[in-house]
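Down below is the structure, laid out as structure tokens.
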Amino acid sequence: MAETDTSLGYEQARDELVEVVRRLEAGGTSLEESLALWERGEELAQVCRHWLEGARARLDSALAAREAGTPDEDPEDGRK
């Protein structure tokens, strides 16, 4: 991932990716522009994947910690 992309938040990368896709779908760009847009879209998709994988890892870790530290009881009625 490019150094400048590591500073992008998920929402920023997603919004820019949406714009890249919109421009590609609209057409009317030269081959060179289209290739540059495609490459930028790939970079942005990687940034989004990075953020989502990190979020998934954090959720998995939190769930594992919760399961390891919680007694075996039903949270609805408090019975063991």
Side-chain angles (χ1 to χ4, degrees):
M1 201 170 357
E3 186 177 324
T4 57
D5 291 336
T6 59
S7 64
L8 283 178
Y10 172 78
E11 290 81 5
Q12 291 171 305
R14 182 203 56 214
D15 291 347
E16 188 178 340
L17 180 57
V18 166
E19 179 60 21
V20 166
V21 169
R22 186 196 65 72
R23 288 180 61 195
L24 283 168
E25 288 179 340
T29 57
S30 69
L31 178 59
E32 191 62 34
E33 281 180 294
S34 294
L35 287 173
L37 285 168
W38 178 270
E39 290 169 347
R40 181 62 179 159
E42 288 292 328
E43 292 171 0
L44 293 164
Q46 180 60 35
V47 171
C48 290
R49 257 190 308 276
H50 172 77
W51 278 105
L52 292 173
E53 288 168 359
R56 169 58 67 193
R58 288 177 62 192
L59 286 171
D60 289 346
S61 177
L63 289 173
R66 180 178 172 205
E67 288 175 6
T70 303
D72 187 22
E73 63 182 48
D74 184 348
E76 292 295 317
D77 62 10
R79 291 184 290 167
K80 291 187 178 186

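Because the structure is a prediction, the values reported are computed rather than measured.
When atom types are taken as modelled, the side chain of Trp51 and the backbone of Leu8 share a donor-acceptor pair closer than 3.5 angstrom. No side-chain donor-acceptor contact under 3.5 Å links Glu67 to the backbone of Ala64.
Side-chain contacts under 4.5 Å among hydrophobic residues (ILVMFWY), followed directly or transitively, place Leu35 together with Leu31.
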Quick one: side chains of residues 15-23, donor-acceptor pairs under 3.5 Å with protein atoms, not counting sequence neighbours, listed by atom name and distance.
unit_1	atom_1	unit_2	atom_2	d
Glu16	OE1	Arg40	NH2	3.2
Glu16	OE2	Arg40	NE	2.8
Glu16	OE2	Arg40	NH2	3.3
Glu19	OE1	Arg22	NE	3.1
Glu19	OE2	Arg22	NE	3.3
Glu19	OE2	Arg22	NH2	2.5

Could you give the side-chain donor-acceptor pairs of residues 53-61 under 3.5 Å, partners two or more places apart or in another chain?
none

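Gln12 and Gly9 get closest at one heavy-atom pair: OE1-N, 2.8 Å. In this structure, Leu24 and Ser34 approach most closely via the heavy-atom pair CD2-O, 3.7 Å.
Interatomic distance, His50 NE2 to Gln46 CD, rounded to the nearest 0.5 Å: 8.5 Å. In this structure, CZ on Arg14 lies 10.0 Å from CG on Leu52, to the nearest 0.5 angstrom.
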